[in-house]
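A note on names: the letters A, B, ... follow the listed sequences, proteins ahead of strands, and every chain is numbered from 1.
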Amino acid sequence: MSTSRVFVLVVTAALAVCAPVPPVSAQPRTLVVGSSATYPPFAYETPTKQIVGFDVDIITAVAKKSGLAVRLVNTPFTGVFASLNNGDIDIIISGVTINDRRRQSYDFTAPYFEARQLMAVPAASTVKTLQDLAGKKVAVVTGSTADDVASRAFGKTSANIRRFDTTPLIIAELVAYGVDAAIGDNGVIAYRVQEQKGLKTVADPSFPKEYFGIVVKQGNTALKGALNAGLAGIISDGTYARLYRQWFKAEPPVLPKP
Amino acid sequence: MGEAIRVSALTKRFGALQVLRGISCVIHDSEVVCVIGPSGSGKSTLLRCMNGLEEATTGQVTVHGVPVHDPTTDLDRLRTEIGMVFQRFNLFPHKTVLDNITLAPGAIRGLTPTEARDRADALLTKVGVLDKREAYPNQLSGGQQQRVAIARALAMQPRIMLFDEPTSSLDPEMVGEVLAVMQTLADEGMTMVVVTHEMGFARRVAHRVLFLDEGQLVEEGAPGDLFERPREARTQQFLSKVL
Amino acid sequence: MEPVLWFGWFRADIIAEYAELFWRGLRTTIGVTLICIVQGSLLGLFVGMARLADARHAPARQLCRVLLRWPATVYVSFFRGTPLFVQILLMHFAVLPLLINPVDGLVMAGDAARDLKQDYGALVSGVLALTLNAGAYISEIFRAGIQSIDRGQSEAARSLGLSFPRTMYHVVLPQAFRRMLPPLGNNAIALLKDSSLISAIGLSELAYAARTVAGAYSRYWEPYLTISAMYWMLTLGLAYVVCRLEVRYGRGDTR
């Protein structure tokens, strides 16, 4: 080998040795986002098998703002938290309501959507409030906020609460006269009811305001911080308002800060 | 003597295989007829046509004037007049010897349990297996099982008894006890059709012997005549091999 | 409730909180399983025999083929060929609303229909789907069991003058039954576990209880371990019963 070649080799080797070795965790890795794509308008599948929705647009915008790469995976809601815990997914955005019980086991970002519970009932129903449903049969999605609300009102082991896996199923049960009302998040219930004939929505004024948050594994403060920064960013630069208007045809409310 | 069974131009085909090629014969009341012939000659098929276990392709079989293969015939009723004994005994393994025998009389003839048991005991005594009445078939020897099978068939008090190679599955030392029972039946005047290879029995007990070969009734006659002076060449050929 | 930790991590208190749901679920699971085993076996017996139906002469022969064998074959093929989960959803959300509907139910209508649907809708759908499904598999067990009995047995019975129904009842089925006990036992145990799928239409049985707890707390070990243990106990119980039946009917066996 010629002297000049050896010299180039040695310099390259030295530079390689001296270059800072980045820690493995800082490698830009595509983060996996779990979402239950059976929840229009938040996340659902188009006929061409694409996953679209408000949640999808939000996480895409937030990730872009924070410089994160994300990939969406359709995960059934009943397994989504387990997947988060065992590392199959890094982020959940799936219309998940922030509540104390969930906060015991998981970390939430700042809210990205204000939600209320809404009741779907037959058009001829005289139900005005949740208490009007006492003694009647009610369908909810297992583990949802509506499940929580109904359980608190009627007893968590009440035989009048019928739990199903997805919102379409609780609407189907209502349509089939199996229950007197179906309760769920306002965005989704309103969407489903306007699809069906013979149903209407009823908002109980006592239903508290609740918020959807993006979920990360408990203790993952780095990711939580990045997502919060991204969220604050898209709110301040108007992206959030644009998306909200696009999906809900209304002006976005002011969201509480973390 | 009345006619017990009349077979008229009976043919039987199983798919492409022609087993019976036009058999005609008459069995009379109280007659003992032995059917002999090489394997595959259709002897068992002929017997099974007589009680309707096989359908006729063409031709007719009548039992005491009743056509066996006619759709309007009550075959179950007709079969109560005809008893059948099989080569493999076909005892009901999940029932005791006694229950094997009392099942049909109790269910069909309407005998009370006591009456059925008494009849069964009498028959068991007759065939010499009374001490085994509470045993299960798998606890009996082959000879005992076949004798029970004969008792079971006799319990319905049939007018005709059909035997399909009754001793072919037995060890040689047990053949005698079964043949002895059959001889007793013959002596009592039972109408019997016996498909068998036991030439000695045929010679001693049969009134008539039918020789079948390749689905045809080649020759028939009194045992003395057929065994000593067979007319047909095929009969001679067969007898020379077995006697 | 105060968190009660077993082995340092198992939160037994969340199970205790929903104890009534688990207890109700246990009763429902046992009830559904027993009903479906009995109904499925009866259905399986008739369908199994229908598959073997034959007659000596036309037109009975053709009638047997068209009215008995063919529908039986189609039924078995469909219910073995489609997932039970799909059958349950179909039954509850498509078939039953057609039959039991306050507005235009074919079988039941009006207020009676509404009450039935609300109180027992999921139970009816679930039991119906599970029975039809089990019947298809069990019919194959019966068919194979009946066919495995030596032809000589039925020939001997018929030769005595016993009718076909009597031959079946006294001679063939008792023998076939003993042979069918092991696969029937298997089916019963499978049915017990399959009943968990009915939780998807909101029937309050064991799996439903676990789903509810998991949904409320987003914790999976506690509820699912609990019902696993309960299903296991039930399975052991069933297996024991089958074992005793096999011993009892083993008398007179030819081995």
Side-chain angles (χ1 to χ4, degrees), chain B residues 47-48 50-56 68-97 99-109 135-140 145 149 152-158 160-162 164 169, chain C residues 45 49 52-67 142 145-182 184 244-255:
Chain B
L47 200 73
R48 289 159 64 87
M50 288 177 182
N51 76 344
L53 281 181
E54 302 291 354
E55 290 293 311
V68 170
H69 300 113
D70 194 304
T72 59
T73 303
D74 185 349
L75 197 51
D76 292 333
R77 185 106 156 286
L78 184 61
R79 283 172 173 155
T80 61
E81 307 286 317
I82 312 171
M84 181 127 179
V85 176
F86 297 85
Q87 181 177 343
R88 296 234 141 78
F89 333 136
N90 287 337
L91 290 180
F92 307 137
H94 59 299
K95 291 185 178 295
T96 60
V97 162
D99 290 335
N100 260 272
I101 300 176
T102 58
L103 170 63
I108 304 172
R109 299 264 193 239
Y136 282 91
N138 69 343
Q139 295 165 309
L140 269 52
Q145 289 186 55
R152 178 177 68 175
L154 289 173
M156 291 299 289
Q157 296 176 330
I160 304 168
M161 284 286 280
L162 305 176
D164 190 355
S169 292
Chain C
L45 172 60
M49 289 184 56
L52 296 171
D54 205 356
R56 287 168 51 218
H57 301 282
R61 173 164 244 147
Q62 266 73 300
L63 276 177
C64 273
R65 197 160 293 165
V66 169
L67 290 181
F142 272 99
I146 292 171
Q147 283 185 316
S148 77
I149 301 302
D150 190 54
R151 240 179 49 160
Q153 290 292 301
S154 56
E155 281 183 356
R158 300 307 303 276
S159 296
L160 287 167
L162 288 166
S163 63
F164 176 75
R166 286 214 168 98
T167 300
M168 277 289 137
Y169 181 74
H170 290 286
V171 175
V172 176
L173 287 177
Q175 295 184 59
F177 184 64
R178 201 172 343 106
R179 294 207 191 159
M180 298 185 302
L181 266 179
L184 277 180
R244 302 258 6 126
L245 281 175
E246 284 186 43
V247 165
R248 180 158 171 254
Y249 284 94
R251 285 171 306 159
D253 213 349
T254 51
R255 227 173 305 105

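Between chain C and the residues Arg152(B), Gln139(B), Glu81(B), the largest count of heavy-atom pairs under 4.5 Å involves Arg152(B). With chain C as partner, the option from Asp74(B), Asp99(B), Leu78(B), Leu103(B) having the largest number of non-hydrogen pairs under 4.5 angstrom is Leu103(B). Heavy-atom pairs under 4.5 Å with chain C were tallied for Ala104(B), Gly52(B), Pro71(B); the largest tally goes to Pro71(B).
For Asp70(B), the part sitting under 4.5 Å from any heavy atom of chain C is the backbone (N, CA, C, O) and nothing else. In this structure, chain B has a heavy atom under 4.5 Å from the side chain of Arg166(C), while its backbone stays farther away. Contact annotation for Leu53(B): only side-chain heavy atoms (C-beta onward) come within less than 4.5 Å of a heavy atom of chain C. For Ala157(C), the parts lying under 4.5 angstrom from a heavy atom of chain B are both the backbone and the side chain. Both the backbone and the side chain of Phe92(B) have a heavy atom closer than 4.5 Å to some heavy atom of chain C. Proximity to chain B is absent for every atom of Arg61(C), based on heavy atoms less than 4.5 angstrom apart. Proximity to chain C is limited to the backbone of Leu91(B), based on heavy atoms less than 4.5 angstrom apart. With a 4.5 angstrom heavy-atom cutoff, Arg77(B) does not touch chain C via any of its atoms.
Applying the salt bridge (Lys or Arg N to Asp or Glu O under 4.0 Å) test to Arg244(C) and every residue at least two apart in sequence or in another chain returns nothing.
The 12-atom threshold is not exceeded at CZ of Phe164(C), counting heavy atoms of other residues, nucleotides or ligands nearer than 6.0 Å. Counting heavy atoms of neighbouring residues, nucleotides and ligands inside a 6.0 Å radius, atom CZ of Arg109(B) exceeds 12 of them.
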- Message: Working note: Ile146(C) + Met168(C), criterion side chain to side chain contact (heavy atoms under 4.5 Å, CB included); need CA distance, chi angles, decisive distance, verdict.
- Response: CA-CA 9 Å; Ile146(C) 292 171; Met168(C) 277 289 137; 4.1 Å; yes
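Put simply, CZ on Arg65(C) and CG on Asp54(C) are 7.0 Å apart, with the number rounded to the nearest 0.5 Å.
No option in Arg88(B), Arg48(B), Arg79(B) other than Arg48(B) meets the salt bridge (Lys or Arg N to Asp or Glu O under 4.0 Å) test with Glu155(C).
Closest approach of Met161(B) and Ala153(B) over heavy atoms only: CE-CB, 3.7 Å.
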